[in-house]
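Each chain gets a letter, A, B and so on, in the order the sequences are listed, and its residues count up from 1.
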Protein chains: 2
Amino acid sequence: MTSFMEKFRSARSTNNSLLCLGLDPDRDRIPEIFEQMEVEKWCKNIIESAVHVASVVKPNVAFFSANRLENELERVIAYAQYCDLPVILDAKRGDIGNTARQYAREAFERYGADAVTLNPYLGFEDCMEPYLEYDGRGLIILCHTSNKGSGEFQELMVDPTTGRLVYERVAEVAAKWDEKAGGGRIGLVLGATYPAELANIRRIVGPDVFILAPGVGKQAGDVEATVKAGGENMAINVSSGINYAKNPFAAAQEFRDQFNLYR
Amino acid sequence: MTSFMEKFRSARSTNNSLLCLGLDPDRDRIPEIFEQMEVEKWCKNIIESAVHVASVVKPNVAFFSANRLENELERVIAYAQYCDLPVILDAKRGDIGNTARQYAREAFERYGADAVTLNPYLGFEDCMEPYLEYDGRGLIILCHTSNKGSGEFQELMVDPTTGRLVYERVAEVAAKWDEKAGGGRIGLVLGATYPAELANIRRIVGPDVFILAPGVGKQAGDVEATVKAGGENMAINVSSGINYAKNPFAAAQEFRDQFNLYR
């Protein structure tokens, strides 16, 4: 099977794009789509509108599971892959041992995702192995998230002699595990709303570790600084900015081109 | 609606028990139950076997979602509540803003759970509000988890002058938010495999904050130390030790009685 990183690089090259297309079908914003049971079709339409300008698709499972739409999510993921786009399941799972094994099964067998987002709070040792057992699939670890209050625990200083913060330690541990796994397996989530922290982590982990950078569009992350800091092994996520644009096709193209201005 | 804490206290008193009954239906351990599509029945049988000796039921959503059993999980939860036991949905969710709102909807509307376990890594500010909006429901935050490698980030020191560690900071923030929410809303997960850390947190947050203590049984947590450290506003979880016992009824009673020895 082709690995997540190979699929990402291939789509990035074919579509000349760092754009990650987020899929957040929100019942409060499109109630009529939910009433008419057309969420799957809505998602597929959004994918179609970005199929030549995105490098990866990222559905957030919460929007589906809140509304009993797991079966629809399975088909949406298969459709994105049919369109030659790899899929990151945005699930932010984090559990131990045997339970981590279940979540790995959910992400990679049930949904057939190419990568999944994971939460590092419980530590790598008892949590990551079950995901790594799926050859070539990506584990994308929350590092410095895009939200306003992300610093509450992520920016606590854990080493006064080096000044290391929690999120930096997470990145160091992730990079070490990625190396042990042969590389190209473990990536990081770094919010585009914190381009300095993103640049900092890129320096720490080197150019090859995959970065998922959400926060552009609605959250107003800094595009130029993000593109310059993250380099080529990065996908910049836009969800609302495309999902709820008057013309998703034009919006997706615009984001792609805007990112490319600074590559 | 009766709050999670009221339901827990009522069941604790009626059944004279600190036992939390975990439900982890594992396809690898009971393949025949999965083949015969009898997971729902299996879960209900386990609940029945502990209905007079447990104070709360905790299904782990991963075991259901890995196997497309969300509908079954809904009915299992409803059944536990029909048996007058409150339900903690063990989901360990953690996401921001609008997505947190979806996960709150999943836990409290779709599944109708009385409480849900949550991951603090993204901070409280952008994550907890959507759950708090559901009156009386419990938010149970991962603090010091039961796994061997839990210290990797949870025990990093974040304040050299006071010696505060990450998990202690999480507990302090949680207690502050619980107070702001009127009390009885925010609890903590503290592994029974770390009774000294559990005792430490009980001193920090006071006797009223709810503690969920997993890790007894298979993980060999120290029962006496846990019961003595945690006090009455605690439920000690056992999953495998009852789920896969030859006689779940006897096992549940035995755990309850063992816990009561030290109360």
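- For V170(B), the parts sitting under 4.5 Å from any heavy atom of chain A are the backbone and the side chain alike.
- By number of non-hydrogen pairs under 4.5 angstrom with chain A, the leading residue of A66(B), G123(B), G149(B), A62(B) is A62(B).
- For chain B, the nearby part of E152(A) is the side chain; its heavy atoms alone come within less than 4.5 Å.
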What do the steps show when you test L19(A) against I236(A) for side-chain contact (heavy atoms from CB on, under 4.5 Å), and what is the final call?
CA-CA 5 Å; L19(A) 172 64; I236(A) 304 172; over 6 Å; no
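- At a 4.5 Å heavy-atom cutoff, the contact between N60(B) and chain A is made by side-chain atoms alone.
- If you look at Y103(A) and Y131(A), their ring centroids are not closer than 6.0 Å.
- Within a 6.0 Å sphere centred on CE of M1(B), heavy atoms belonging to other residues, nucleotides or ligands number more than 12.
- Note: Y167(B) and F153(B) fail the aromatic proximity criterion, with ring centroids not under 6.0 Å apart.
- Classification of E129(A) and R101(A) as a salt-bridged pair fails, no side-chain N sitting under 4.0 Å from a carboxylate O.
- For T145(B), the part sitting under 4.5 Å from any heavy atom of chain A is the side chain, from C-beta outward, and nothing else.
- Among pairs with a residue in residues 172-181 of chain B, those fulfilling side chain to side chain donor-acceptor pair (under 3.5 Å) read R164(B)-E172(B), at least two apart in sequence or across chains.
- Geometric assessment of R29(B) against the ring of Y244(B) yields a positive cation-pi assignment under the 6.0 Å and 45° thresholds.
- In terms of heavy-atom pairs under 4.5 Å with chain B, the best-connected choice from P120(A), P160(A), G97(A), A100(A) is P120(A).
- In terms of heavy-atom pairs under 4.5 angstrom with chain B, the leader among G151(A), A104(A), S150(A), C143(A) is C143(A).
- Of the residues considered (L165(A), D28(A), T117(A), N71(A)), D28(A) shows the highest number of contacts with chain B, using heavy-atom pairs under 4.5 Å.
- Most heavy-atom pairs under 4.5 Å with chain B, from the set H144(A), Q102(A), E74(A), K92(A): that is Q102(A).
- Comparing R105(B), R27(B), E106(B), M157(B) by heavy-atom pairs within less than 4.5 Å of chain A, the highest count is held by R105(B).
- In terms of heavy-atom pairs under 4.5 Å with chain A, the best-connected choice from L122(B), D24(B), L156(B) is L122(B).
- When only modelled atom types and interatomic distance are considered, E109(A) and Y134(A) share a side-chain donor-acceptor pair under 3.5 Å.
- A salt bridge links E70(A) and R110(B); the closest N-O separation between the charged side-chain nitrogens and carboxylate oxygens is under 4.0 Å.
- Heavy atoms of F64(A) lying under 4.5 Å from chain B are absent altogether.
- With chain B as the partner, the residue from V61(A), D90(A), T99(A) showing the most heavy-atom pairs under 4.5 Å is T99(A).
- Chain B forms the most heavy-atom pairs under 4.5 Å with one residue out of N67(A), D26(A), V166(A), and that residue is D26(A).
- When only modelled atom types and interatomic distance are considered, N237(A) and S239(A) share a side-chain donor-acceptor pair under 3.5 Å.
- Proximity to chain A (any heavy atom under 4.5 Å) is shown, for E125(B), by both the backbone and the side chain.
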